[in-house]
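Note sheet for the following structure.
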Amino acid sequence: MSTIDQAAPAADTTKRVPGHVIYRRVLAERTSYALAAAGMAVGPQLDDSAWSYLASGGIGMGTLAWLYAKTKDPDQGLSALTRAQRAIPFLTAAGTYVANLITPGFNWWEVVAPAAWASLMGWLAPLTRSAGLVLELTEHQEQHGAGPGEPLTYTEFLAAKWQQATGDGTRLVSITPFRADRPDFEAVVVAQAGKAVPTFTEVQLAAAFDFPVGTVKIRPIQGSGPGRMRLVARPTTEDTEATAEGLRGLWETAVAAPGKAAPGVDLIDWRSEPHRIVLLVASPPGKEIHLPHTAICSAFGIDDPSRLVIETDGIRMGVISVYKTNPLMKVRKSTVEDLTMDSKGRVTIGVCHDGKPARMRLWDPGQGALRGITAGVTGAGKSVLQNLILAAEKRSGVVSWVGDVQGGMSLPEAEGRVDWFAKGPVETLLMLTAAHAVMKYRERISNEMGRGDFALNKPWPLINITLDEINRLLSHPDEAMRKATAYLIADIQKTGRKVGIGIRLAVQSLHLKDLGDDDAIRQQGKVGALFLMRTASSSTKEMGLDGIAPAGFQMENIPARIYENGQIEALFSGKDDEDGESTAGMAYMFLDGRAKFMRTFFAEKVDGVYPDLIALYGEDPPTGLTEGEAKAAQAGAAIYGVRHTNPYADCDTLAQAFSDAPGSKPTASPPASAQAQAADTDGDSGEAPAPFEAPFGIPFGDSGPDIGEEPGLQDQILELLADGPKQLKELRAALPGFQPSSVSNACTQLKAKGLAISRKRGLWQLADN
């Protein structure tokens with residue numbers, strides 16, 4: 001703030017106002033001069049000269065009369081000069097205007113004269129100066145080495161105010177305004193050598209700067225003695241900034257102090273946003289950062305742990321976000337654009353706590369196919385997350401194989417919309433066997449081609465296998481099935497990456513008992529994308545996050561519901577659990593060594609399914625295997641050819657189905673070990689692998705027609721198309737005896753035979769139309 005905003009005549013006065021009030025007053029005065037100058041230039045050129053003469057003459061004569069009345073007493077002294085100063089703008093303006101009026105025609109100086117008048121008046125600001133608002137600075141200007149007419153900065157003004165108000169020998173140094181357009185600032189109070197800074201009341205502190213009581217505070221400075229204290233003045237800033245300042249004090253006393261939540265961790269900087277405050281913290285040099293989530297929530301009085309998010313670099317720096325309310329209470333629905341894979345293999349599946357998109361990779365151009373694990377109890381949102389990923393895969397040309405060990409109840413939306421939807425533990429194991437055979441087939445061809453890594457669609461599409469509720473199969477009472485499942489998953493995790501076969505597991509938790517006590521599966525799965533939703537454990541060690549969570553990372557388990565005013569308030573007021581907001585979809589996403597708190601896009605369940613998610617899959621048929629891969633899959637597990645029509649979920653009915661299927665090969669051999677079974681399906685020979693026994697006695701041979709080749713299906717489609725073009729959904733509705741995916745694949749096969757074409761998405765017609 002300049003001298004123009006603060007200087008005053010050397011007259012005694014008791015008027016004292018904050019500097020920002022003076023600034024606004026000077027700004028208003030200067031604005032009025034600019035507007036008056038425009039009128040002085042334009043008015044004389046108008047036709048109503050009589051009214052102009054009367055107005056200008058009236059202003060001039062009226063001002064002279066007022067000035068005479070106020071100054072006729074010879075004993076007024078300086079007050080007469082003050083009144084004369086106030087009359088200057090009016091007298092000079094009236095004189096300039098009358099001069100313009102009496103001059104015939106238009107002259108260039110009729111514009112220059114008003115502009116010069118406005119500039120002079122704006123520089124002098126006679127009305128504000130004559131009010132004597134800053135007279136108390138006069139005696140302090142000399143103490144700062146400035147003469148009566150030299151400028152004082154805002155920081156000098158504050159230092160002078162402090163010295164004038166206290167007079168105890170303390171000084172105000174390191175003065176830093178928070179914003180240029182507001183009087184709020186922080187500074188350091190320094191006492192005389194060997195003395196402590198006196199104790200001031202809130203009234204004394206506020207009076208020193210003429211600020212509202214309670215807006216000026218003094219706090220200790222960490223690492224300094226009583227001779228230096230931190231002063232913070234915030235008379236006008238928003239509540240969020242005041243809250244942030246309170247957090248700084250809380251941090252120093254309740255978090256960083258010895259014996260508290262994070263002793264020695266310094267608060268380096270902070271910033272405020274409309275709904276959150278961001279703190280930048282650092283551990284002392286040589287110390288690894290450790291930020292206990294629960295303890296910091298307690299220090300800040302937060303009973304909803306999702307309102308506090310901690311992120312660290314794993315070394316000594318961290319960022320803590322403190323929200324007014326849970327930042328993920330409301331999340332929008334997903335769009336097709338969200339689920340379309342970009343050049344880096346990424347899709348958007350939700351929103352991070354800071355509003356940024358939550359992206360994950362369906363594959364990595366530099367690493368190939370990916371692994372991953374999603375952990376969460378029932379109701380945590382695993383199904384929505386899996387459906388979003390599967391819809392993204394379908395939209396992006398990825399071959400999706402889904403094993404729903406719960407008999408198809410976990411992911412009903414995916415049935416008929418992915419290349420293979422396996423129901424129950426038996427079919428899921430057969431699907432894994434087929435996938436293993438395809439993996440060996442790709443390995444053999446890659447070796448023959450001299451390739452070391454996977455290239456998307458050159459020559460094969462990406463295959464991603466999703467295994468939902470896989471803990472039911474990894475802990476199956478049949479030992480042979482359990483061992484076979486563990487071997488196949490571990491081997492695909494380990495070697496599938498380079499040939500474009502990824503695998504994701506969805507489980508209740510990361511505890512070893514939920515993964516069949518197989519630590520290899522858990523460790524391999526954690527190398528990829530890990531989603532930790534609401535679980536039954538709040539210990540990162542118990543949840544198996546060791547080796548993947550950033551160093552120093554601490555988290556509190558996501559609650560089942562969150563409340564606008566906190567859970568304790570809800571309990572105290574007697575509200576039921578249903579009154580809170582469900583946290584389904586909230587998760588910690590671990591990617592590339594970082595933990596991100598996010599929530600999946602919203603989806604509404606209607607009659608047991610998610611119509612929004614079904615629509616996101618689209619109407620086009622899913623991407624399938626190449627011809628060579630399909631033969632390898634059929635040889636590895638005979639069920640592949642009838643995968644869309646298989647209704648079986650137990651060993652007995654599945655075995656009966658195979659014995660009844662055309663071309664099936666009965667067997668009476670006893671079960672063999674799972675490891676030997678899987679090792680025999682390497683697919684390395686030029687011919688398709690020979691049939692072999694499954695661990696539970698089901699033959700793996702050629703069985704049943706290929707999907708889309710069901711007897712009569714293609715002929716019926718051609719008959720329907722003979723009446724004119726049909727949407728795919730119309731064909732499905734007209735053929736209720738066939739699976740929707742069978743109809744889709746039959747249309748694709750008719751197109752390959754040149755009998756049908758698709759003019760646009762989902763619209764089919766005969767090729768000769």
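Everything quoted here is computed from the prediction, not taken from an experiment. Only this structure's heavy atoms are used, side chains among them; waters, hydrogens and symmetry mates stay out.
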Rounded to the nearest 0.5 Å, how far apart are [atom1] of [X] and [atom2] of [Y]?
X    : Y    : atom1 : atom2 : answer
L291 : T312 : CG    : OG1   : 7.0 Å
F601 : T335 : CZ    : OG1   : 6.5 Å
T166 : K161 : OG1   : NZ    : 12.0 Å

Q: Could you check W251 against V265 for side chain to side chain contact (heavy atoms under 4.5 Å, CB included), going step by step and ending with a plain yes or no?
A: CA-CA 9 Å; W251 185 270; V265 177; 3.6 Å; yes

Q) With sequence neighbours left out, what residues match K596 under salt bridge (charged side-chain N to carboxylate O under 4.0 Å, His left out)? A)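 K596: no salt bridge (charged side-chain N to carboxylate O under 4.0 Å, His left out) contacts found.
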
(Q) Taking salt bridge (charged side-chain N to carboxylate O under 4.0 Å, His left out) as the definition, give me every residue that meets it alongside R346, ordered by chain and number, with sequence neighbours left out. (A)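 Applying salt bridge (charged side-chain N to carboxylate O under 4.0 Å, His left out) to R346 gives D342.
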
Are the side chains of [Y] and [X] in contact, using a 4.5 Å heavy-atom criterion?
X    : Y    : answer
K195 : D168 : no
F300 : V255 : yes
T215 : D184 : no
L308 : H293 : yes
K217 : M229 : no
N326 : E581 : no
V188 : L231 : no
M317 : L280 : yes

Q.
Looking at every non-hydrogen atom in both residues, tell me the closest pair between A262 and P292 and how far apart they are.
A.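 Nearest heavy atoms, A262 then P292: CB-CD, 4.5 Å.
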
Q. Which atom pair, heavy atoms only, marks the closest approach of V232 to R219?
A. CG2-NH1, 4.3 Å

Q.
Checking the side chain of R599 only, and the main-chain atoms of K330 only, is there a donor and an acceptor separated by less than 3.5 Å?
A. no

In residues 351-358, what donor-acceptor pairs under 3.5 Å come from side-chain atoms, sequence neighbours left out?
{"from": "H353", "atom 1": "ND1", "to": "Y323", "atom 2": "OH", "distance (Å)": "2.6"}
{"from": "H353", "atom 1": "NE2", "to": "E311", "atom 2": "OE1", "distance (Å)": "3.3"}
{"from": "D354", "atom 1": "OD1", "to": "K356", "atom 2": "N", "distance (Å)": "3.2"}

Q) Under the salt bridge (charged side-chain N to carboxylate O under 4.0 Å, His left out) criterion, do E186 and R234 qualify, and how do the steps go? A) CA-CA 8 Å; E186 66 176 351; R234 291 185 175 277; over 6 Å; no

Q: For the pair V190 and T170, evaluate side chain to side chain contact (heavy atoms under 4.5 Å, CB included) and give the outcome as yes or no after the intermediate values.
A: CA-CA 5 Å; V190 181; T170 59; over 6 Å; no

Q: For the pair T600 and V331, evaluate side chain to side chain contact (heavy atoms under 4.5 Å, CB included) and give the outcome as yes or no after the intermediate values.
A: CA-CA 8 Å; T600 59; V331 178; over 6 Å; no

Q: Please report the C-alpha distance between R276 and R271 in whole Å, then the side-chain angles of each, then the deciding distance to 0.1 Å, and finally whether the side chain to side chain contact (heavy atoms under 4.5 Å, CB included) criterion is met.
A: CA-CA 9 Å; R276 76 163 174 164; R271 76 173 193 275; 3.2 Å; yes

Q: May I ask you to decide if the ring planes of W162 and F200 are parallel, tilted or perpendicular, using 30° and 60° as cut-offs?
A: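 W162 vs F200 ring planes: perpendicular.
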
